[in-house]
S.K.: 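Sharing a structure, written as structure tokens. Questions coming.
First the proteins, then the strands, lettered A, B, ... as listed; each starts at 1. Here the structure is a predicted model, which means the values were calculated and not measured. Every heavy atom of this structure was used, including side-chain atoms; hydrogens, water molecules and symmetry mates were not.
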Amino acid sequence: MKMRNDSTTYQRIWKIVQSIPHGRVATYGQVAVLAGFPGQARLVGYALHATPEEMKLPWHRVINSRGEISFPPDDHRYHIQKKLLELEGIIFQNNKIDLKIFRWNPGEKIP
DNA sequence: AACGTGACAAGGC
DNA sequence: AGCCTTGCCACGT
């Protein structure tokens, strides 16, 4: 996957994703706002898609606004992401995450 | 240059 | 509660 190394756009998004604490999640829209791109949730999805594996970004902590994983359930990536989240103690109910409980609030103390 | 697609989201019905 | 439409932006054809 090609990407623009000369742009700071992805880097700003990556920086936010990197700061999502273990055991918490953030939505694409939320990351977009925090990165300074309000209303551009799709850009976050695209940035994550273009993320090099070596970066070891906690991409799995980003989910959609409905508290769901944004992969089709039959996609292998869906199961990978769900597994990673469950290993962090995040609980799924009907394949959904309760954002009221697990959403990251940047305001509160970050470990 | 136009058009379609994608790890989105909000609003209308 | 679902499904559809529109707004978004970066890319590949």
S.K.: Let me check something: do A:Val33 and A:Val62 share a hydrophobic cluster, defined by ILVMFWY side-chain heavy atoms less than 4.5 Å apart, either directly or through other members?
M.R.: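 Cluster IDs for A:Val33 and A:Val62 differ.
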
S.K.: In whole angstroms, how far is the C1' atom of C:dG7 from the CZ atom of A:Phe37?
M.R.: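 A:Phe37 atom CZ is separated from C:dG7 atom C1' by 17 Å.
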
S.K.: Under 4.0 Å from OP1 or OP2 of C:dC9: is there any side-chain N or O of A:Tyr10 that close?
M.R.: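 For C:dC9, neither OP1 nor OP2 has a side-chain N or O of A:Tyr10 closer than 4.0 Å.
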
S.K.: Rounded to whole angstrom, note down the C1' distance from C:dG7 over to B:dG6.
M.R.: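 To the nearest whole Å, 15 Å.
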
S.K.: Say whether, by atom type as modelled, one donor and one acceptor occur between the side chain of A:Arg12 and the main chain of A:Ala35 under 3.5 angstrom.
M.R.: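 Yes: the side chain of A:Arg12 pairs with the backbone of A:Ala35.
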
S.K.: One pair to check against side chain to side chain contact (heavy atoms under 4.5 Å, CB included): A:Gln30 and A:Trp104. What are the steps and the verdict?
M.R.: CA-CA 9 Å; A:Gln30 180 183 359; A:Trp104 169 45; 4.3 Å; yes

S.K.: Any donor and acceptor pair, going by atom type alone, linking the side chain of A:Arg24 with main-chain N or O of A:Arg103 inside 3.5 Å?
M.R.: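 Yes; judged by distance alone, with no hydrogens or angles, the pair exists.
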
S.K.: A:Glu68 side chain to A:Lys96 main-chain N or O, any donor-acceptor pair under 3.5 Å?
M.R.: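 No, because the side chain of A:Glu68 does not come within donor-acceptor range (under 3.5 Å) of the backbone of A:Lys96.
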
S.K.: Can you pull every protein N or O that's under 3.5 Å from an N or O on nucleotides 6-10 of chain B?
M.R.:
from: B:dG6; atom 1: N9; to: A:Arg42; atom 2: NH2; distance (Å): 3.0
from: B:dG6; atom 1: N7; to: A:Arg42; atom 2: NH2; distance (Å): 2.6
from: B:dA7; atom 1: O4'; to: A:Ser70; atom 2: O; distance (Å): 3.1
from: B:dA7; atom 1: N3; to: A:Tyr28; atom 2: OH; distance (Å): 3.0
from: B:dC8; atom 1: N4; to: A:Arg42; atom 2: NH1; distance (Å): 2.7
from: B:dA9; atom 1: OP1; to: A:Tyr28; atom 2: N; distance (Å): 3.3
from: B:dA9; atom 1: OP1; to: A:Gly29; atom 2: N; distance (Å): 3.1
from: B:dA9; atom 1: OP1; to: A:Ser65; atom 2: N; distance (Å): 3.4
from: B:dA9; atom 1: OP2; to: A:Ser65; atom 2: N; distance (Å): 2.7

S.K.: Between C:dG2 and B:dA7, how far apart are the two P atoms, rounded to whole Å?
M.R.: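 Pairwise P distance, C:dG2 against B:dA7, rounds to 23 Å.
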
S.K.: Where the side chain of A:His79 meets the backbone of A:Asp74, is there a donor-acceptor pair that is under 3.5 Å apart?
M.R.: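 Not confirmed, A:His79 side chain does not pair with A:Asp74 backbone.
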
